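First up is the structure itself, then whatever we jot down about it.
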Amino acid sequence: MMNAGILQRIVLASPRWAAVVAVACAVLFPILAAQLQSLTMDEPYHLLAGYDSLRYGRNTVDYAHPPLVKTIAALPLLLLDEDLFPPSNPTDALADSLRLFEDRSTLQAVTVMSRGAVLLAFGLPFLVLAFALGNRMGGRAAGVMLVLMLGCVFPVFPYLGIVQTDIGAGVGFLLALVGAVRYQRSSDRYGLTLMGLGLGVALATKHSGVLLLPTLAIAVWLGGEENPRRHLRAALRVGGVLAAGVTVLWLSYLPVNRSYDRDSGRAAISAYCQNRSIKVVDDRMRAFEPALLRLEAISPAVAQWWTGFIALSTSNRIGVYPSFLLGDVSSREWWYYFPLVLLFRVPLAILAATIGAAITAVGRRPRRSEDEAWRSRAWIVLATATAVYLGVAMTSTVNLGIRHLLPIIPLLFLPAAVWGARSSRRAGLVGATLVLEAALVAPFWMSATNTWFLGTRNPTRFALWAADQDYGQSFKFLNNYCRANGIDELHVFYPGIDQRWLSAYVPGGVLWKPGDPAVPGWYAVSTIVEQLVPAVLKAPPDQLHGDDFIRRLASGYEVALHDVRKGTDLGYHAGTFHVYRVQPGTAASTRPTSPPAAGALAVAQRRTQ
């Protein structure tokens, strides 16, 4: 395999070819990730929600996520001859989504079609917009460098082609910010139009799109021309951007409500308000139900968006999601969670380039040219967007991985891209390192941290979880391990799925359920279980929402793990599984200590969405 020095010499010898290779790699890695990884934990639910809306013309399953990404991902599934899912509702949708795993050939077709749609509609445009942003802020070389950093960086590119709403929000943010940067230079309608379209895409994808509003308002105010009516014009233009965004949002709801049935629509809103949906809200949304139902009578789409927004905000205030960090678990906010995620997962080459950019900026004398003036305003706009989004994320209880930072990761990488692009030697070294690293880590991109090269001594190896460790992406790799080692039956410890899910990817897999004995045989224990069981059992009761259920489930796994660990430890394989071989006479019967498997599945899934 080529080492970094050879790649660097190639880059320096032919910069144009190097740019072509960089862009090709940036497109290739997301495609490989979408093809090689099994469906992640949230994708079946998103696919059901999108399919249900398109197939039956009513948006009644998922109000926690606006419809744009889900419907585009599900659009090619309408070409299949069979009905994938029956009509569903917020209460039964999680269970209904598991029908996807009943036929392996259908699952494969759905995966290819839906992920291909997401990659074409959002993943590749994300890279194109990143190039546009880098080009405006530092020239073409900076644009190529930013594309390379996003398309060849293992904590980013695996999420560009999966059925998740974060990539849609990322496209919306980038589109709006490209327009905002243009507006700082030219103050024209084209920049305003891009801002409005980007805001609409972000709002139609995730409720966090509202975080664009202060940035766009500042962008319009900074970029307006000097005249006596500047403030009035700025206010009118902000109103125009907002109107354009709301229009795009409203249009995204038209196809999913084309056969809207008022009874089922009102029932869906009531399900959210009465804590019978995917979002755990306890009893805190009951007071909103009358107002939301009155709003539904005026505009179903508006009522659906606000129901999801209130549910998301309520769930965040309650602190529903258990998050793991450095051996501890909590449902409360950790202000340092996302800074540590960035520190642990962003490749060291980019961190070093960012430090270099900061040092250069401190020692650089500002110039008074007109070009430098608009660029300074643009940096203020981008810094505002980053600060607002990251500030809200750091005060949130929803700490579910680096994918939630996807809308601002291009902004975080931009200084390093601009700095690296100013020298062909820097660009060659950083770019070659990133491509080589992505190739060496393959195909375990989602679970890698930036100290992966230290192997078992990697201090950040199991510091994170969920989307940064095991997001359900490794089942195909686990099946490859079974085939390579002649394993016909493998007992798997994995919460939140059922036997159909496991069998679809690992035909010889047997899902361990709470209360099952640890019989002799092969075992694969997910790192989720290894991380959460001891963390949950040592956590204070007031740290976890739903502590009683989570603690009983962890206790059941703890007993079984004790028995399994009496066997032969074969190390970690398939990226996120600890494999054991339990010989006859070494295992003990596991006493049932947890809720029935069906109940465990429903609650565990509901708490990890």
Side-chain angles (χ1 to χ4, degrees), residues 41-42 44-45 91-92 94-98 101 278 280 320-324 329-331 462 465-466 469-472 474-475 478 489-506 508-539 541 543-567 574 576-582 586-609:
M41 295 298 290
D42 295 337
Y45 179 81
T91 303
D92 301 325
L94 280 175
D96 290 343
S97 68
L98 298 178
F101 300 96
I278 189 174
V280 179
V320 170
Y321 302 97
S323 301
F324 177 90
V329 65
S330 176
S331 297
F462 300 123
W465 78 301
Q469 180 64 42
D470 192 330
Y471 195 26
S474 297
F475 286 114
L478 184 61
E489 183 177 81
L490 178 71
H491 302 273
V492 178
F493 284 48
Y494 204 104
I497 66 171
D498 75 347
Q499 183 61 49
R500 288 173 292 177
W501 192 320
L502 178 61
S503 297
Y505 289 115
V506 187
V510 178
L511 186 67
W512 183 89
K513 299 182 291 296
D516 285 354
V519 298
W522 294 83
Y523 283 81
V525 180
S526 168
T527 51
I528 293 178
V529 175
E530 283 200 325
Q531 290 170 311
L532 287 187
V533 167
V536 166
L537 295 179
K538 75 175 184 179
Q543 287 289 100
L544 298 172
H545 183 272
D547 177 80
D548 181 63
F549 165 78
I550 297 175
R551 197 171 297 274
R552 281 187 289 136
L553 192 60
S555 297
Y557 275 106
E558 182 191 34
V559 174
L561 280 174
H562 179 267
D563 291 341
V564 169
R565 284 169 176 162
K566 294 177 182 178
T576 59
F577 289 95
H578 199 164
V579 179
Y580 296 89
R581 179 73 183 272
V582 177
T586 60
S589 297
T590 302
R591 62 181 182 275
T593 59
S594 299
L601 169 66
V603 180
Q605 280 190 311
R606 195 175 178 211
R607 292 187 182 279
T608 55
Q609 290 290 325

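In what follows, every heavy atom counts, from backbone to side chain, and hydrogens, waters and symmetry copies are set aside. These figures come from a predicted structure and were not determined experimentally.
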Shortest non-hydrogen contact from [X] to [Y]?
{"X": "Ser331", "Y": "Val320", "answer": "OG-O, 3.9 Å"}
{"X": "Ile497", "Y": "Phe475", "answer": "CD1-CZ, 3.7 Å"}
{"X": "Ala560", "Y": "Trp512", "answer": "CB-CZ2, 3.4 Å"}
{"X": "Glu489", "Y": "Trp522", "answer": "O-CB, 3.7 Å"}

Can you check whether [X] reaches [Y] side chain to side chain, under 4.5 Å on heavy atoms?
{"X": "Leu478", "Y": "Tyr505", "result": "no"}
{"X": "Tyr557", "Y": "Val525", "result": "no"}
{"X": "His491", "Y": "Val519", "result": "yes"}
{"X": "Tyr494", "Y": "Leu502", "result": "no"}
{"X": "Leu532", "Y": "Pro322", "result": "no"}
{"X": "Leu537", "Y": "Ser555", "result": "yes"}

- salt bridge (Lys or Arg N to Asp or Glu O under 4.0 Å) pairs touching residues 523-537, sequence neighbours excluded, are Glu530-Arg565

Spacing of [X] atom [atom1] and [Y] atom [atom2] [to the nearest 0.5 Å]:
{"X": "Phe493", "Y": "Ile528", "atom1": "CZ", "atom2": "CD1", "result": "14.0 Å"}
{"X": "Trp465", "Y": "Gln531", "atom1": "CH2", "atom2": "CD", "result": "8.5 Å"}
{"X": "Gln469", "Y": "Thr527", "atom1": "CD", "atom2": "OG1", "result": "4.0 Å"}
{"X": "Lys513", "Y": "Asp498", "atom1": "NZ", "atom2": "CG", "result": "10.0 Å"}

- Sequence neighbours excluded, the answer for side-chain contact (heavy atoms from CB on, under 4.5 Å) partners of Ala466 is none

List for me each residue that meets side chain to side chain donor-acceptor pair (under 3.5 Å) alongside [X], sequence neighbours excluded, and say none if there are none.
{"X": "Ser330", "value": "Gln543"}
{"X": "Ser526", "value": "Asp470"}
{"X": "Tyr580", "value": "His578"}

- Message: Using the rule given for side-chain contact (heavy atoms from CB on, under 4.5 Å), can you reason through Val510 versus Leu490, listing the C-alpha separation, both sets of side-chain angles and the distance that settles it, and then say yes or no?
- Response: CA-CA 6 Å; Val510 178; Leu490 178 71; over 6 Å; no

Exam field: side chain [X] to backbone [Y], donor-acceptor pair closer than 3.5 Å:
{"X": "Asp563", "Y": "Lys566", "result": "no"}
{"X": "Arg581", "Y": "Tyr523", "result": "no"}
{"X": "Tyr45", "Y": "Met41", "result": "no"}
{"X": "Ser503", "Y": "Arg500", "result": "no"}

- Task: List the steps, then state whether side chain to side chain donor-acceptor pair (under 3.5 Å) holds for Thr576 with Ser474.
- Result: CA-CA 7 Å; Thr576 59; Ser474 297; 3.2 Å; yes

- Could you please spell out the steps behind the side-chain contact (heavy atoms from CB on, under 4.5 Å) verdict for Tyr471 and Asp42? CA-CA 9 Å; Tyr471 195 26; Asp42 295 337; 2.8 Å; yes

- Kindly write out the residues that satisfy ring-ring contact (aromatic ring centres under 6.0 Å, His included) with Phe462, not counting sequence neighbours, or none if the list is empty. Tyr572

